[in-house]
Amino acid sequence: MTTMNFDTPVDRMGTYCTQWDYVQDRFGKAGLLPFTISDMDFAAPDAVIDALKARLEHPVLGYSRWNHDDFKGAIERWYQRRFDTQIDKDTLVYGPSVIYIIAKLIEKWSHAGDGIVFQTPAYDAFDKLVEGAGRRCIRNPLLKTASGWDINWSLLEQQLAQPDTTVFLLCSPHNPTGRVWSREELERIAALCDEHDVALISDEIHMDVAFKAHTPWLGFGMKQRWALVTSASKSFNIPALNGAYAMISSEQSRNDYLFKLKEVDGLSSPSIMGVIGMMAAYNHGETWLTALNAYVKESHELVRDTLNSAFANVQYQVPDATYLAWIDLSALNLDMQKLQSDLIEHFNVAIMDGGVYGEVGKGYVRLNLGCPRSKVQAGLDALVGAIGLQGIVC
């Protein structure tokens, strides 16, 4: 089977898979058709699988390294090809995950009780890592408009201006709305952070699944400390291999981070499969990724056509990025708790409730489209059916 055949289902049951084997943990019932955690049901690219198999032909799986030209050069070439951007390889560092790197930077760049700004609705791990570090969540709600999602600039400036605000945690592209920020917006953010002496961390793990040009955060002349943190894991569906990287602007910050990684946390030897998988993906996976983007965009269009036809008040729009459909059902005035119960009990389907992503997410659901079209259709049929149980007619 070629991994470019995205229509072909891959059975993930019995693989210790969080989304399929452990859906009961979050939804209380086993055997549900899941559209939940943000990994995909697609096989990884052939180039990645072949590289992993080749490494396993060598029987010794000892300690390894990431700090070499093969790893850093693969990243450098990826940014040149994919984003027409030249990076500074000397700013690169490794980490076991994006969240780990972000958490360590927040620890270094802020103090207990400081405010960390991020935009909502937000990936729920942001709340946990900020509060777990003893910092305060300062939520900057995005503004829903007729054309998508915009930044509340006046509120953002007020929040950045607070004396104990020390870090802006940007999600670019934004999860779950799928918004791609323009260069002008990013430059304006950089200027505001500099003006108010706020460091910036940009989580760009969704940067490769985008339907319009994504601009990587590379400082935009920012004098304050900044970091771009990302991974190949979402783009090429290899999160179980572990591994992420960051570009950190400050040499002192890089040294502090690497000391924490190696000397304190004992994590400087990476998963060799993660390193090899990422290099293979960036060096040989671009054709696969381009095909994936086209397929996922068509799935978003199916969501749009199905829901907008069924319910005139929904008006779903294809986002700028991600394989996640952020669906606004608020105009239908649904009982969202009943909707979840009906999806589970009557349709055996698990779809994330938008309230998981904060107050702004209430009235929404997040549907994972990283799967064959037949599964997307089954999820849409279940969603339309569950809405219908509340007397909303098509």
Side-chain angles (χ1 to χ4, degrees), residues 7-42 120-125 127-128 175-178 296 299-300 302-316 319 322-394:
D7 280 325
T8 301
V10 178
D11 184 2
R12 300 181 67 188
M13 294 295 290
T15 63
Y16 308 106
C17 166
T18 298
Q19 182 163 194
W20 288 81
D21 288 322
Y22 301 103
V23 68
Q24 183 174 359
D25 291 354
R26 187 187 287 261
F27 289 86
K29 183 179 179 181
L32 300 175
L33 185 68
F35 298 85
T36 55
I37 192 169
S38 59
D39 68 5
M40 299 186 283
D41 291 332
F42 303 130
T120 57
Y123 174 40
D124 53 329
D127 289 79
K128 296 180 179 70
N175 172 20
T177 68
V296 169
S299 292
H300 278 291
L302 176 62
V303 173
R304 178 196 63 199
D305 295 345
T306 301
L307 294 182
N308 294 359
S309 174
F311 309 106
N313 290 339
V314 171
Q315 295 304 303
Y316 179 79
T322 82
Y323 52 77
L324 305 167
W326 183 240
I327 303 169
D328 184 0
L329 301 176
S330 59
L332 302 180
N333 295 312
L334 300 171
D335 180 336
M336 296 302 289
Q337 187 172 352
K338 174 175 166 51
L339 179 69
Q340 283 294 316
S341 176
D342 288 341
L343 284 167
I344 294 166
E345 299 304 327
H346 294 287
F347 296 94
N348 286 308
V349 164
I351 299 175
M352 296 296 285
D353 181 81
V356 170
Y357 308 98
E359 190 71 23
V360 183
K362 291 184 176 178
Y364 287 76
V365 293
R366 195 189 80 166
L367 186 70
N368 183 342
L369 305 183
C371 58
R373 197 72 40 74
S374 58
K375 183 186 172 191
V376 174
Q377 187 65 64
L380 287 171
D381 291 344
L383 183 58
V384 170
I387 292 170
L389 290 180
Q390 297 196 33
I392 309 296
V393 295
C394 299

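Numbers for residues simply follow the sequence, beginning at 1.
Between Leu389 atom CG and Phe347 atom CZ the span is 5.0 Å, to the nearest 0.5 Å. Summarising the geometry, atom CG belonging to Leu302 is positioned 11.0 Å from atom NE2 belonging to His300; distances are rounded to the nearest 0.5 Å. In this structure, CG on Leu332 lies 6.5 Å from CZ on Phe311, to the nearest 0.5 angstrom. Asp342 contributes atom CG, which lies 10.5 Å from atom CD1 of Ile387 (distance to the nearest 0.5 angstrom). The CD1 atom of Ile37 sits 8.5 Å away from the CZ atom of Arg366 when rounded to the nearest 0.5 Å. Rounding to the nearest 0.5 Å places CG of Leu324 at 7.5 Å from CG of Leu369.
For the pair Met13 and Trp20, the tightest heavy-atom approach, listed with the atom from each and the gap, is SD-CB, 3.6 Å. Counting all heavy atoms, side chain and backbone alike, Val365 lies closest to Met336 at CG1-CE, 3.9 Å. Here the closest heavy-atom approach between residue Asn368 and residue Ser38 is recorded as ND2-CA, 3.9 Å. For the pair Pro121 and Pro176, the tightest heavy-atom approach, listed with the atom from each and the gap, is O-CD, 3.4 Å. For Ile327 against Leu383, the heavy-atom pair with the smallest separation is CD1-CD2, 4.2 Å.
Using bins of under 30°, 30° to 60° and over 60° for the plane-to-plane angle, the ring pair Tyr357/Trp326 lands in the perpendicular bin.
With sequence neighbours left out, the side chain to side chain donor-acceptor pair (under 3.5 Å) criterion links Asp305 to no other residue. Residues satisfying the side chain to side chain donor-acceptor pair (under 3.5 Å) test with Glu359, not counting sequence neighbours, are Lys362. Taking Thr36 as the reference, nothing meets the side chain to side chain donor-acceptor pair (under 3.5 Å) condition, with sequence neighbours excluded. For Asp7, the side chain to side chain contact (heavy atoms under 4.5 Å, CB included) partners are Asn5, Tyr295, Arg373, not counting sequence neighbours. Residues satisfying the ring pair (Phe, Tyr, Trp, His ring centres under 6.0 Å) criterion with Tyr323, sequence neighbours excluded, are absent altogether. Applying the side chain to side chain contact (heavy atoms under 4.5 Å, CB included) rule to Ala331 yields the partners Asn313; only residues at least two apart in sequence or on another chain are considered.
Panel note: side chain Asp353, backbone Gln337; no donor-acceptor pair is recorded below 3.5 Å.
Sorted by first and then second residue, the side-chain hydrogen bond (donor to acceptor under 3.5 Å, both in side chains) pairs with a member in residues 380-390 read Gln377-Asp381; sequence neighbours excluded. Pairs engaging residues 324-335 under the salt bridge (charged side-chain N to carboxylate O under 4.0 Å, His left out) rule: Lys144-Asp328 [sequence neighbours left out]. Applying the salt bridge (charged side-chain N to carboxylate O under 4.0 Å, His left out) definition to pairs two or more places apart or across chains, those involving residues 12-23 are Arg12-Asp39, Arg12-Asp41.
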From CA spacing to verdict: side chain to side chain contact (heavy atoms under 4.5 Å, CB included), Lys338, Leu334: CA-CA 8 Å; Lys338 174 175 166 51; Leu334 300 171; over 6 Å; no
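Side-chain contact check for Thr177 versus Pro319: every heavy-atom pair is 4.5 Å or farther apart.
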Throw together a table of side-chain donor-acceptor distances under 3.5 angstrom for residues 23-35, partners on residues two or more places apart or in other chains.
from: Lys29; atom 1: NZ; to: Ile344; atom 2: O; distance (Å): 3.3
from: Lys29; atom 1: NZ; to: Asn348; atom 2: OD1; distance (Å): 2.6

